[in-house]
Every structure is written in C-alpha cells, then in structure tokens.
Amino acid sequence: MNKEELVSSIKRLSDANGISGFEDEVLTTIREEGSSLGTFSEDSMRNLYLQRSGNKEGLPVVQLNAHTDEVGFMVKAIRDDGMIEFITIGGWVAANIPAHMVRILNKDGIYIPAVVASKPPHFMTEAERNAPLDITKMVLDVGAHTKEEVLNDYKIGIAAPVIPEVSCLYDAIHDNVIGKAFDCRIGCAAALATMKDLADTDLKVNLVGDFSSQEEVGTRGSIVSTQTIKADLAIVFEGCPADDTVVPAYQAQTCLKKGPMLRHIDARMITNPRFQRFALDLAEALDIPVQEAVRNGGATNGAAIHLSNAGIPTIVIGIPVRYAHTHYGISSVFDVEKSIQLAKAIIQKLDEQIIKSF
Ligand SMILES: [Zn+2]
C-alpha cells in the first residue's frame, strides 16, 4: 500500500465515530476499505471478522486484531437549564476534558456540535480557580436554554454517544498525523494494510482480521472474538501511549519515529518470550526499527486473546501515539509503515512448525 492510500485510510478511520458499544460507523469504514480482501462477518458485539480470500482448509489460523472503539462520553442526564451531564467511556483524566468541542449523536442520527462548558474566568472566585476539577460537575452545552429544547428540538436523549470533535490532519512535510482515536484506529489501518499487501501472497497460514469492539471498557469484544476465531497465533495492533515527552530519555521506550513498540510485559500479559524473540530477531535481520518495552501498567486485547483457546502465542505491535485518550493524538506514518512491514514479514515466515515451537 502506498503512503497516499495509507494516510487516506488512517484519516477515514480516525474521523469515524465509535465509542465503545457504538462502533457501527467504524465497521462500515473498515468494510469499505477492505472490500476486496475477503469475506466479512459480524457478531452481536459488533466484532467484525475478515476471512482472507485464499485461506485454505487445514492451515494454522493467525488472528490479526485491532480494536474499533474509541474513548468518549455518554449523556447521563439533562438539567432544567439545558446543560447536559455526562459519564466518561474509557479512561479520561479531568484536566483533558473542559473547553473542548464534542459531537453528540441525536435521535435522528445527526451529530450535534457541543462544547464542554466551563465557567468563564470573569465569573470565577479565587477558590474556584484553585479547586480540583471534577468530571461529575462538568456539562455539555449545545446552546439550548431548557431541558425541553434539548429533548425536543435538539433531539438529544440520555445514553446518546458523545465523541471528541476532531478531524484528522496529515502534515506531509513531517509525515505526522494529528487526530482523534489513533488508539486504535491506527491499528485498524495497519491491520487492513497488512492484509492488503499480502492479498496476492501465498501463505502457510490462514489470516483472519479481527476488528473487535469495546476494548476501552475492559477488552470485552476480544473476549468474544477470540473464542469465535480459535486462532493458533495472534498479532495485536495497538495505538500505544508514547512516553518520549513524559519520561527521562533513558526510560523512553515508545518514541515517535523509532518504529513499532514490542512490549515484553504489561499489567495483564507476559508476552510469549519465544514469539517475541522471533519477532525481534526478524526485525533485526530485516533492519526494521523496533522499540522494546517493559511496562508495569496498561493492557491490550492481548490480555484476553493470549488466555483463550488453551493459550495463544500473542505479540503486540504498538504504534506510538502521543496524548492517547485526549482529543488530539500525534503519530508518525513512518511508525505505521514499519509496523505493517514487521507484521508482513512475520506472517510470511510463519508455518505450523514455527507456531508449535512457541
Ligand atoms: Zn487501545
């Protein structure tokens, strides 16, 4: 896949709306982007499966996972003055929420722009300026005056999904993308591109794309998808929080423009050391830059997948995303390309014997 196609795919996927449980628009985009690659099917969790054309009876199954959902919010209650209370979906910190734009899905299926309201500084007391932020006290403002107006005119009801209002931009001079939901739409783009590039390649494994839902609320989609696929091996693409602007240089393990991050461990998975070694050795042999990481926090769909089907050797190919779980992430297209290159190299080398050795 050339850069232009890859950037276009990243942009479309980043812009698609899909908080956990409401991933429909993302699935439509993936079906369009991957229409030539095989057969799609879907379950009631909105997990989307892509069986590669050319898969043959009897070959080991390789699961290529990325999650489709993004962090966002949901309408909880509407106050009499038309201000809208909300809950968070996925991990947010209070400081990243106020004074941003969001879009709220109304009952007609239209996205209504809104602002996360904050009291203008002119009206704040000294005590209010210094008080810690509290998400439960924040509200969304669509410009209405009353609850009735929100319900009847704006047609916004409780449980409406709320998404950060962001359009993905590509800085072609520096090869960076800035946008929302790179965790994990950038992984969805990488999984699709990997399957696209391998479309005409003869493989000794069967490939199943697994675009799973509800990762941000506890890897729920992949708990189901992995039981359906029953893979022999899994590669999880993930948009991973970059640490190069937040820790001392000697500790940084997820930097922009240094290639995919392969974690040895996180809070919920010890990566299969034999598969991890295989991937790292292959990257070295092919001169693909990679970053190794030891993480004491975080988790991915690998957590659910590696524990299923009598144990599935699983690695995570992490694409660094600065400022994950905020409105604006920054990623390097170079890192996406290197992630795709590594996944393709692994898949082309795999056979039954190698998988059994893990
Ligand atoms: Zn993620």
Side-chain angles (χ1 to χ4, degrees), residues 10-32 46 48 67-121 123 133-169 177-185 188 213-217 323-329:
I10 292 170
K11 282 169 106 174
R12 286 194 72 203
L13 286 159
S14 166
D15 288 346
N17 299 298
I19 61 163
S20 310
F22 297 83
E23 299 90 350
D24 307 66
E25 203 177 300
V26 188
L27 268 56
T28 303
T29 308
I30 292 173
R31 281 176 182 273
E32 286 166 9
R46 283 284 180 277
L48 181 66
H67 68 87
T68 52
D69 60 319
E70 66 186 296
V71 297
F73 313 96
M74 184 182 276
V75 172
K76 181 178 188 292
I78 301 158
R79 293 182 185 167
D80 289 337
D81 64 358
M83 294 296 121
I84 298 168
E85 296 183 1
F86 61 92
I87 62 165
T88 51
I89 301 291
W92 284 89
V93 296
N96 293 332
I97 302 176
H100 277 93
M101 274 183 73
V102 293
R103 38 193 188 238
I104 308 175
L105 184 62
N106 83 355
K107 286 175 181 163
D108 291 340
I110 296 165
Y111 280 95
I112 307 292
V115 169
V116 186
S118 50
K119 201 169 187 179
F123 303 124
L133 291 165
D134 180 352
I135 296 173
T136 63
K137 295 208 170 72
M138 295 176 192
V139 288
L140 309 178
D141 186 350
V142 289
H145 294 88
T146 64
K147 179 176 184 170
E148 286 64 39
E149 207 180 334
V150 173
L151 288 171
N152 303 326
D153 185 12
Y154 289 83
K155 300 204 172 137
I156 292 169
I158 68 161
V162 182
I163 287 117
E165 172 58 61
V166 179
S167 295
C168 183
L169 300 172
V177 277
I178 300 182
K180 72 170 179 66
F182 290 159
D183 168 14
C184 181
R185 306 286 170 66
C188 295
S213 62
Q214 298 192 33
E215 190 268 355
E216 298 292 358
V217 289
Y323 323 117
H325 290 215
T326 72
H327 268 56
Y328 306 100

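The basis for the numbers below is simple: all heavy atoms, side chains too, and nothing from hydrogens, waters or symmetry mates. Everything quoted here is computed from the prediction, not taken from an experiment.
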Tell me the closest heavy-atom pair linking [X] and [Y], and the distance in Å.
{"X": "K137", "Y": "R79", "answer": "O-NH2, 4.2 Å"}
{"X": "D15", "Y": "E25", "answer": "O-OE2, 4.4 Å"}
{"X": "S213", "Y": "D69", "answer": "C-OD1, 4.0 Å"}

Any side-chain heavy-atom pair from [X] and [Y] closer than 4.5 angstrom?
{"X": "K180", "Y": "S14", "answer": "yes"}
{"X": "T68", "Y": "R46", "answer": "no"}
{"X": "E216", "Y": "D183", "answer": "yes"}
{"X": "P161", "Y": "N17", "answer": "no"}

V142 and L140: CA distance, side-chain angles, deciding distance, side-chain contact (heavy atoms from CB on, under 4.5 Å) verdict: CA-CA 7 Å; V142 289; L140 309 178; 5.9 Å; no

Whether [X] side chain and [Y] backbone form a donor-acceptor pair below 3.5 Å:
{"X": "Q214", "Y": "S20", "value": "no"}
{"X": "E165", "Y": "A114", "value": "no"}
{"X": "H327", "Y": "V102", "value": "no"}

Polar side chain donor-acceptor pair, N96 to H325, under 3.5 angstrom: no

Decide if atom [atom1] of [X] counts as having more than 12 heavy atoms of other residues, nucleotides or ligands within a radius under 6.0 Å.
{"X": "L169", "atom1": "CG", "value": "yes"}
{"X": "K107", "atom1": "NZ", "value": "yes"}
{"X": "D80", "atom1": "CG", "value": "no"}

Residue of the set D81, I84, I104 for which side-chain contact (heavy atoms from CB on, under 4.5 Å) holds with V150: I84

Plane angle bin for F73 and F86 - parallel if under 30°, tilted between 30 and 60°, otherwise perpendicular: perpendicular

Separation between NE2 of H145 and CG of D153, rounded to the nearest 0.5 Å: 11.5 Å

